[in-house]
Amino acid sequence: MNVKGNQSVESFHRRLGKIMWDYCGMSRNADSMKKYRKMIQELREEFYKDVFIPGSMNDYNPELEKAQRVADFFELGELMVVDALDRNESCGGHFREEYQSEEGEALRNDEDYAYVSAWEYKGWDQDPVLHKEELIFENIELKTRSYK
Amino acid sequence: MKLTLKIWRQKSPKDKGRFETYKVEASPHMSFLEMLDVLNEELISKKEEPVTFEHDCREGICGTCGLVINGQPHGPNKGTATCQLHMRFYKDGDIIVIEPYRASAFPVLKDLAVDRSAFDRIIQAGGYISVSTGAPQDGNAIPIEKDQAAKSFDAAACIGCGACVAACPNASAMLFVSAKVSHLALLPQGKVEAQRRAQAMVRQMDEEGFGMCSNVTACEVECPKEISVTNIARLNREYLSASLGSEV
């Protein structure tokens with residue numbers, strides 16, 4: 001509210017969305033994500049320096065509400081990149097271009113990544129800490145699904 | 001396309017409010033709400049306060065949007081919400097008047113946003129089934145006539161947007177209340193409490209300051225979900241028989 005900059009909340013949301021769409025969409029790779037994680041951080045810094053939120057803090061103010069959401073999206077967006085970088089396999093909606101079969105199908109790595117990633121927030125300028133929740137299958141054997 | 005908008009601006013519930021005129025350049029492919037987004041971005045770039053309007057799903061299922069456009073709740077098209085109205089229905093040079101719902105039970109919060117919590121309180125008064133009906137049943141376990149199921153489903157299509165109130169010269173909420181009462185009363189799980197429900201919801205509706213129904217049926221015409229006024233007849237029947245048969 002007190003930044004009183006020159007750019008609208010919407011414009012930041014769109015720029016963040018474009019970065020996520022282009023570099024951390026369904027198909028992503030480590031090289032570009034490393035570069036664009038930095039871009040998200042820079043955009044977030046720009047947001048806190050130059051965002052303009054009209055209206056006042058004590059009235060019904062949808063722009064302020066949107067600004068709070070976008071502020072969260074910066075953290076969530078960066079976390080998505082961190083998580084996608086950590087998972088060196090392709091699985092479901094996470095297709096890492098480096099990990100694909102000769103036919104261009106997703107290549108899972110169950111030996112190293114059969115876990116759910118729970119990330120602990122350590123502060124907005126700190127790297128989150130990974131907690132692994134192992135996936136243990138007792139009655140079935142993990143296999144590759146094929147529609148062919 | 002270039003448009004002139006006359007929009008109701010009101011800073012707070014206590015402010016008197018007034019129309020302000022704006023020019024906006026829109027594409028025919030935009031939805032009405034996207035056109036307002038464009039206007040708001042322009043206002044923000046000039047450091048002015050954007051127009052507050054309510055929106056959520058933008059696909060006609062949530063009931064959050066609801067503007068009175070040239071005197072019609074949800075605009076000129078039949079059976080659609082404001083978010084489903086597109087600028088291709090307007091021509092270059094058109095003047096469009098945009099107002100909030102006008103009803104004392106829906107006080108204006110800011111600009112085009114109104115407080116519709118009166119509807120929530122009507123639902124809290126009886127728009128539910130009090131017993132736990134358990135997990136979804138097998139489809140054929142409770143036989144319900146197709147006709148009955150279809151009527152209930154049609155009533156359940158109500159998204160609670162409040163356009164019926166805005167369309168009514170008496171600002172009556174009867175179409176909304178009757179849709180909720182019908183949707184539950186027509187099914188076996190809801191039948192048990194049907195009379196008590198009708199009484200409680202009508203009592204709350206009156207307390208909120210909604211007007212009486214005088215069978216104008218403008219509500220049915222403007223309803224984005226085309227809820228039929230036959231539901232109002234059903235509500236009246238439930239209410240009347242509940243009043244006659246109630247325990248004193």
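Each chain gets a letter, A, B and so on, in the order its sequence line appears, and its residues count up from 1. Note that the structure is a prediction, hence the values are computed from the model and not measured.
The environment of Glu42(A) atom CD is dense: over 12 non-hydrogen atoms of other residues, nucleotides or ligands sit within 6.0 angstrom. The local environment of CZ in Arg14(A) is sparse, with at most 12 non-hydrogen atoms from other residues, nucleotides or ligands closer than 6.0 Å. Around the CZ atom of Arg145(A), the shell of radius 6.0 Å holds no more than 12 heavy atoms that belong to other residues, nucleotides or ligands. The local environment of NZ in Lys91(B) is sparse, with at most 12 non-hydrogen atoms from other residues, nucleotides or ligands closer than 6.0 Å. Atom CZ of Arg69(A) sits in a sparse spot, with 12 or fewer heavy atoms from other residues, nucleotides or ligands closer than 6.0 Å.
Residue Tyr60(A) comes nearest to Lys110(B) through the heavy atom pair O-NZ, 2.9 Å, listed as atom of the first residue, atom of the second, then distance. Of all heavy-atom pairs spanning Pro50(B) and Glu63(A), the tightest one is CG-CG, 3.6 Å.
Ranked by non-hydrogen atom pairs under 4.5 Å with chain A, the options Asp37(B), Leu109(B), Ile44(B) are led by Ile44(B).
Residue contact with chain A, scored on non-hydrogen atoms closer than 4.5 Å, involves the backbone of Glu48(B) exclusively.
Note that CD of Glu49(B) and OG of Ser56(A) are 7.5 Å apart. Values are rounded to the nearest 0.5 Å.
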